[in-house]
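Computed from heavy atoms alone, side chains included, the values below leave out hydrogens, waters and symmetry copies.
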Amino acid sequence: MGVLWGIPYLMIKVAVDSDLTPSMVVFTRCALGAALLLPFALRQGGMPAVLRTHWRPMLAFACVEILGPWWTLTDAERHLSSSTAGLLIAAVPIIGALLARFFGDTERLGPRRVTGLALGFSGVAVLTIPHLTGGDAWSLTEVMITALGYAIAPLIVARHLKDVPTLQLIAPCLTLAAVVYAPAAAATWPDEVPDGPTLAALAGLGVICTALAFIVFLELIREAGPTRAVVFTYINPAVAAAAGFTFLSESLTPSFAAAFTLILAGSFLATAASGPRPAPRRVPWSTRQTSRADGRVEVLVDLPEERPGSTGQGGG
């Protein structure tokens with residue numbers, strides 16, 4: 001996930017630098033993802049029932065994960081470098097942990113994971129501070145709005161949508177987003193076909209960073225929980241910075257190596273399990289024991305003693 005959602009910043013930057021509007025970029029991304037996933041979701045069957053039962057949390061998920069954040073992030077990258085945008089998005093695990101505590105989430109944050117979150121945030125700060133002069137205040141605010149949406153979305157999935165099949169959640173949400181942005185995209189449709197790099201960036205956004213990434217992301221939420229699932233965003237800045245440096249000649253500071261180490265160490269610690277489960281207490285077996293369910297032992301008294309060779313059912 002760190003790679004799948006670390007490279008979109010590069011692709012978004014390529015798209016907006018070719019004068020495509022944010023609405024056009026978001027529409028293309030959502031339309032491609034929906035076109036790929038919707039046939040498989042329909043083939044599974046049962047989508048009408050899923051929509052009738054879960055349409056409210058699905059709509060909320062679509063708004064905070066796709067409709068709002070993808071536009072604000074794309075618009076921000078018109079003024080920010082791709083690496084700076086990736087760095088700021090790394091605040092998602094911190095926001096997610098705070099929101100989880102605020103909403104009474106039962107997922108435990110032990111000292112090891114808190115230390116990991118702190119190390120990761122320190123690494124993000126080391127990378128981010130030198131780049132904060134690259135954009136205006138509104139663009140930075142847009143990225144933080146994106147981070148807030150990305151932090152809320154896993155909580156919605158974990159609380160209200162964990163029983164919804166992945167395809168039947170993502171395909172309708174992407175379809176809705178494509179429909180919402182279609183009018184704005186049509187109004188700003190380019191007069192000429194974009195060049196090869198721009199088309200490749202749009203295709204990568206739709207196929208790799210949307211269709212494939214969402215499938216992996218939702219399975220990760222179900223596997224690791226909403227707080228631990230988003231800690232991969234600590235790796236995003238390293239991927240985004242490396243991609244920007246390699247393909248867009250964006251500058252990297254000498255502190256990159258130290259920050260990268262902090263980010264990886266923080267990611268490892270923050271995604272660690274809360275702690276080992278206590279080993280069950282072994283209960284000695286007794287010939288007079290009739291039940292040890294759930295660790296409880298019941299001994300029946302005042303029964304006739306069993307004779308050797310008897311079945312224990314009475315009457316020999």
Side-chain angles (χ1 to χ4, degrees), residues 1 4-16 18-44 47 50-51 54-78 82 85 89 92 142-143 145-150 152-154 156-157 161 164-190 193-194 198-219 221 236:
M1 281 307 307
L4 291 178
W5 274 352
I7 57 176
Y9 307 100
L10 166 68
M11 299 179 181
I12 292 172
K13 188 64 175 178
V14 171
V16 296
S18 66
D19 294 330
L20 292 181
T21 64
S23 298
M24 180 66 189
V25 174
V26 175
F27 165 76
T28 305
R29 180 178 183 179
C30 295
L32 282 175
L36 288 173
L37 299 181
L38 191 57
F40 295 99
L42 293 173
R43 185 177 180 180
Q44 284 185 342
M47 182 177 291
V50 169
L51 293 175
H54 299 92
W55 72 268
R56 288 183 180 87
M58 289 177 69
L59 178 61
F61 174 81
C63 289
V64 301
E65 177 69 26
I66 302 173
L67 285 165
W70 285 8
W71 191 93
T72 53
L73 177 62
T74 304
D75 186 62
E77 285 205 46
R78 295 190 300 150
S82 63
I89 291 296
V92 168
E142 285 183 309
V143 179
I145 292 173
T146 303
L148 178 62
Y150 286 171
I152 295 174
I156 295 175
V157 172
L161 299 171
V164 177
T166 297
L167 288 176
Q168 296 190 6
L169 170 58
I170 293 303
C173 290
L174 290 175
T175 302
L176 172 64
V179 171
V180 169
Y181 281 104
T188 58
W189 201 270
V193 177
T198 303
L199 293 176
L202 293 174
L205 281 172
V207 177
I208 300 174
C209 305
T210 299
L212 176 60
F214 260 132
I215 292 175
V216 179
F217 181 49
L218 292 180
E219 294 303 320
I221 293 175
N236 288 7

Qualifying residue for side chain to side chain donor-acceptor pair (under 3.5 Å) with Thr21, from Thr74, Asp75, Thr188
Thr188
Atom pair CZ (Arg29) and CG (Leu202), whose distance is rounded to the nearest 0.5 Å
10.5 Å
Candidate pair Ile89 and Thr146, rule side chain to side chain contact (heavy atoms under 4.5 Å, CB included), full reasoning
CA-CA 7 Å; Ile89 291 296; Thr146 303; 3.7 Å; yes
With Glu142, which residues qualify under side chain to side chain donor-acceptor pair (under 3.5 Å), at least two apart?
Trp138
Side chain of Thr210, backbone of Leu205: donor and acceptor closer than 3.5 Å?
yes
Rounded to the nearest 0.5 Å, what's the gap from CZ on Arg78 to CG on Asp19? Could you check?
10.0 Å
Heavy-atom closest pair (Pro39 atom, Leu36 atom, distance to 0.1 Å) is CD-O, 3.8 Å
Got a sec, which residues hit ring pair (Phe, Tyr, Trp, His ring centres under 6.0 Å) with Phe214, two or more places apart in sequence or on another chain?
Trp5, Trp70
Can you name the side chain to side chain contact (heavy atoms under 4.5 Å, CB included) partners of Leu38, sequence neighbours left out?
Leu42, Met47, Ala171, Thr175
For Ile156 and Val64, what are the C-alpha separation, side-chain angles and deciding distance, and is it a side chain to side chain contact (heavy atoms under 4.5 Å, CB included)?
CA-CA 10 Å; Ile156 295 175; Val64 301; 3.8 Å; yes
Would you indicate whether the side-chain heavy atoms of Pro165 and Leu169 approach each other to under 4.5 Å?
no
I'd like to check the side chain to side chain donor-acceptor pair (under 3.5 Å) partners of Ser82; sequence neighbours left out, ordered by chain and number.
Glu250
Measure the spacing between SG of Cys30 and CD1 of Ile170 and express it to the nearest 0.5 Å.
10.5 Å
Report the residues that fulfil side chain to side chain donor-acceptor pair (under 3.5 Å) with Thr166, sequence neighbours left out, ordered by chain and then residue number.
Glu219, Arg222
Quick one, Leu20 and Val16 - any side-chain contact, counting heavy atoms below 4.5 Å?
no
Specify the closest pair of heavy atoms between Ala147 and Val92, including all atoms of both residues, with the distance to one decimal.
O-CG2, 3.6 Å
Apply side chain to side chain contact (heavy atoms under 4.5 Å, CB included) to residues Leu218 and Val157 and explain how you reach the verdict.
CA-CA 8 Å; Leu218 292 180; Val157 172; 4.0 Å; yes
According to side chain to side chain donor-acceptor pair (under 3.5 Å), who are the partners of Thr198, at least two apart in sequence or on a separate chain?
Ser18, Asp195
Just by distance, do the side chain of Tyr181 and the backbone of Leu67 share a donor-acceptor pair under 3.5 Å?
yes
When rounded to the nearest 0.5 angstrom, what distance separates CD1 in Ile221 from CE in Met1?
9.0 Å
Taking all atoms of both residues into account, what is the closest heavy-atom pair of Ala203 and Leu32, and its distance?
CA-CD1, 3.9 Å
Test item: Val143 and Thr72 side chains (from C-beta on) under 4.5 Å apart, heavy atoms:
no
Can you name the closest pair of heavy atoms from Met11 and Gly204 and give their distance?
SD-C, 3.6 Å
Heavy-atom closest pair (Val25 atom, Ala15 atom, distance to 0.1 Å) is CG2-CB, 3.8 Å
Taking C-beta and beyond as the side chain, do Pro172 and Leu176 meet within less than 4.5 Å on heavy atoms?
no
Nearest heavy-atom contact between Cys209 and Leu4 is SG-O, 3.5 Å
Report yes if the side chains of Val50 and Met58 come closer than 4.5 Å at any heavy-atom pair, otherwise no.
yes
Applying side chain to side chain contact (heavy atoms under 4.5 Å, CB included), run through Leu73 and Tyr150 and close with a yes or a no.
CA-CA 11 Å; Leu73 177 62; Tyr150 286 171; 4.1 Å; yes
